Engineer: 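Here it is, the structure in full.
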Protein chains: 2
Amino acid sequence: MRDDDTKTPAANLAMRTTASVRDDADATHKPRRKASIRASNETHLLACAEAVFAERGFEGASTALIAERAGLPKANLHYYFPTKLALYWRVLDDLFEEWNAAADTFDASDDPVVAIGGYVRAKMELSRRRPLGSKVWANEIISGATHMQDILLKRVKPWMESRVQLIERWIDEGLLAPVEPKTLLFMIWATTQHYADFEAQIRALAGKRALSAASFEATTEEVVKMILRASGARSPDA
Amino acid sequence: MRDDDTKTPAANLAMRTTASVRDDADATHKPRRKASIRASNETHLLACAEAVFAERGFEGASTALIAERAGLPKANLHYYFPTKLALYWRVLDDLFEEWNAAADTFDASDDPVVAIGGYVRAKMELSRRRPLGSKVWANEIISGATHMQDILLKRVKPWMESRVQLIERWIDEGLLAPVEPKTLLFMIWATTQHYADFEAQIRALAGKRALSAASFEATTEEVVKMILRASGARSPDA
DNA sequence: GTCTATAAGCAGATAGAC
DNA sequence: GTCTATCTGCTTATAGAC
């Protein structure tokens with residue numbers, strides 16, 4: 001009944017939303033309580049797993065440490081997630097959902113200044129709100145992205161290709177400088193994710209205050225300005 | 001006699017250059033041969049260690065795997081490097097030396113177009129030539145930079161602070177847009193290192209040809225152009 | 001300087017009582 | 001659904017013959 005835990009992240013995406021309500025048809029209150037215990041423990045374990053995978057990578061993370069952080073015996077972790085890999089896949093799934101939500105902001109407007117600016121802000125906000133998730137993603141890619149080929153090829157690549165066409169259209173319309181679209185997208189990803197992934201370096205070099213709420217917002221606007229300048233974006237004439 | 005292997009990376013920097021010639025005063029040829037065997041084995045082990053640390057992070061890497069890649073018994077690895085941590089520190093040391101060499105290009109000219117453009121090219125070239133090293137560095141920072149505090153605080157921070165002053169001077173002279181200097185430096189690091197660290201993602205999204213020599217050179221010039229535009233750099237009037 | 005054998009401990013995963 | 005005890009194998013590091 002927990003087959004979904006052993007499938008790849010991409011296969012998992014389709015099934016997961018229905019999983020947490022599968023017992024609700026039952027008449028007694030026991031299944032509902034069980035289901036909510038399950039949901040709450042799974043969520044908690046996923047959050048702790050995200051932190052440990054971020055700090056130590058997949059191979060370096062131990063299920064014992066994840067369970068300890070969650071305040072549960074290691075055997076409970078294996079009750080909810082049969083293998084370390086299944087747990088890891090669930091973490092990657094959740095991260096892609098957030099990535100996907102931010103990606104939507106790219107289509108908020110036909111004005112490249114609004115679209116690109118909004119996307120950069122969304123990615124910066126994601127770095128601020130969920131830096132551990134960004135680190136897990138980065139670790140996975142650095143290690144060769146072996147567990148993410150499905151997500152990259154079936155989800156990220158199609159998104160990128162259609163955004164490349166949109167950028168090329170903007171260039172044709174004279175709303176963007178003649179940039180290589182992929183280079184622009186990579187620059188946006190690299191720069192915004194840097195504030196999550198390289199947090200420790202920024203803290204060491206620029207001091208703790210560099211990551212305070214007010215300072216982070218100012219940095220976000222700096223990044224937006226620089227990316228817009230780099231891309232040569234201008235708003236269409238009204 | 002191998003005390004240097006157990007010190008921190010920063011302490012190591014000062015001693016290492018003299019270490020490999022310490023037996024040369026000896027009259028017999030034996031010490032020289034021994035020294036060169038040592039040098040060659042150490043170099044080989046360091047290269048293999050860099051690859052394994054890049055793929056799996058510090059905690060995930062095993063000395064057994066490093067030794068196997070080097071074609072040596074594990075005990076030999078421990079003969080040259082007493083602990084896994086000592087080996088890791090030596091790898092980080094070597095990486096910082098390369099980082100430092102690239103950093104020098106920033107001072108090649110008083111013209112911000114030449115200085116910034118040259119630095120971006122040097123960092124891109126480093127990403128192309130030694131992607132594994134960049135990945136080890138990234139892994140270390142993502143994991144909290146616990147083993148790099150010395151290098152960051154004593155070496156990188158002073159360099160950054162003096163470059164920040166240089167950038168502020170350029171802004172005062174009207175040769176750069178009024179950017180936040182640190183944000184510009186972080187954007188340069190993030191964007192250039194992305195081509196090493198996120199190699200697997202680029203390959204999956206843009207295809208293998210994206211990293212061919214000709215294509216990489218074209219991308220480098222794209223990145224240079226975009227960074228220069230982002231910073232609003234212009235050459236001083238002659 | 002090389003390498004087999006092994007110590008001491010931690011990893012992922014499971015059995016089975018409660 | 002929880003948790004102790006345990007299996008099996010891999011981890012870092014060392015001993016000691018050659």
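Lettering of chains follows the sequences in order, A, B, ..., and the numbering in each one begins at 1. Everything numeric here is computed off the predicted structure, so don't read it as measured data.
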Engineer: Calculate the interatomic distance between Phe58(A) atom CZ and dG12(C) atom P; express it in whole Å.
Structural biologist: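 That distance rounds to 9 Å.
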Engineer: What is the distance from CG of Leu45(A) to P of dG12(C), rounded to the nearest Å?
Structural biologist: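 Spelled out: CG on Leu45(A) to P on dG12(C) is 14 Å.
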Engineer: Look at Tyr79(A) and dC3(D) and indicate whether a side-chain polar atom (N or O) is within less than 4.0 Å of OP1 or OP2.
Structural biologist: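 For dC3(D), neither OP1 nor OP2 has a side-chain N or O of Tyr79(A) closer than 4.0 Å.
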Engineer: Which distance, rounded to the nearest 0.5 Å, do you find between the CG of Asp104(B) and the OH of Tyr119(B)?
Structural biologist: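 The distance works out to 10.0 Å.
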Engineer: Starting the side chain at C-beta, find the nucleotide from dT12(D), dT2(D), dT2(C) nearest to Lys74(B).
Structural biologist: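 Given the options dT12(D), dT2(D), dT2(C), the side chain of Lys74(B) is closest to dT12(D).
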Engineer: Atom CG of Asn76(B) and atom P of dT2(C): how far apart are they, to the nearest Å?
Structural biologist: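 To the nearest whole Å, that distance equals 5 Å.
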Engineer: To the nearest Å, how far apart are Arg56(A) CZ and dT11(D) C1'?
Structural biologist: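 One finds 13 Å between C1' of dT11(D) and CZ of Arg56(A), rounded.
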Engineer: Nearest-Å distance, CG (Leu85(A)) to C1' (dA11(C))?
Structural biologist: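 Rounded to whole Å, this separation is 15 Å.
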Engineer: Give the intermediate values and the outcome of side-chain hydrogen bond (donor to acceptor under 3.5 Å, both in side chains) for residues Gln201(A) and Trp137(B).
Structural biologist: CA-CA 11 Å; Gln201(A) 180 172 281; Trp137(B) 184 297; 3.2 Å; yes
Engineer: Could you give the CG-to-C1' distance, from Leu65(B) to dA13(D), as a whole number of Å?
Structural biologist: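 In whole Å, dA13(D) C1' lies 17 Å from Leu65(B) CG.
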Engineer: Do Phe96(A) and Trp159(A) make the cut of ring centroids closer than 6.0 angstrom?
Structural biologist: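 Centroid distance Phe96(A)-Trp159(A): not below 6.0 Å, so no.
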Engineer: Round to the nearest Å and state the distance from Leu77(B) atom CG to dT2(C) atom C1'.
Structural biologist: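 So the two atoms are 13 Å apart, to the nearest Å.
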Engineer: Given dG1(C), dC3(D), dA13(D), which nucleotide is nearest the side-chain atoms of Lys84(B)?
Structural biologist: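 The answer is dA13(D), which lies nearest to the side chain.
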Engineer: From the list dT2(C), dT14(C), dT12(D), which nucleotide is the closest neighbour of the side chain of His78(A)?
Structural biologist: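 The answer is dT14(C).
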Engineer: Mapping Asn41(B) and Ala64(A) onto DNA chain C by nearest heavy atom, which one lands closer to the 5' end?
Structural biologist: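 Closer to the 5' end of DNA chain C: Asn41(B).
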Engineer: Over 60° means perpendicular and under 30° means parallel, so classify the ring planes of Trp189(B) and Phe186(B), tilted if in between.
Structural biologist: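 Judged by the thresholds at 30° and 60°, the geometry between Phe186(B) and Trp189(B) is tilted.
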Engineer: Under 4.0 Å, counting only non-hydrogen atoms across every strand here, what does Ala61(A) touch: a base, just sugar-phosphate, or nothing?
Structural biologist: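 The answer is sugar-phosphate, as Ala61(A) gets under 4.0 Å only of primed atoms, P, OP1 or OP2.
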Engineer: Heavy atoms from C-beta onward define the side chain here; which of dT2(C), dA13(C), dG12(C) lies closest to that of Thr83(A)?
Structural biologist: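 Of all the options, the side chain of Thr83(A) is nearest to dA13(C).
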Engineer: Starting the side chain at C-beta, find the nucleotide from dC3(C), dC3(D), dG1(D) nearest to Leu72(A).
Structural biologist: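 Between dC3(C), dC3(D), dG1(D), the one nearest the side chain of Leu72(A) would be dC3(D).
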Engineer: Quick one: which of dA13(D), dG1(C), dC3(C) gets closest to the side chain of Ala75(B)?
Structural biologist: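 Of the candidates, dC3(C) comes closest.
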Engineer: Atom CZ of Phe53(B) and atom P of dT12(D): how far apart are they, to the nearest Å?
Structural biologist: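 Value for this atom pair: 9 Å.
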Engineer: If the plane angle is over 60° it's perpendicular, under 30° parallel, otherwise tilted; pick one for Phe58(A) and Phe53(A).
Structural biologist: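 Because their plane-to-plane angle is under 30°, the rings of Phe58(A) and Phe53(A) count as parallel.
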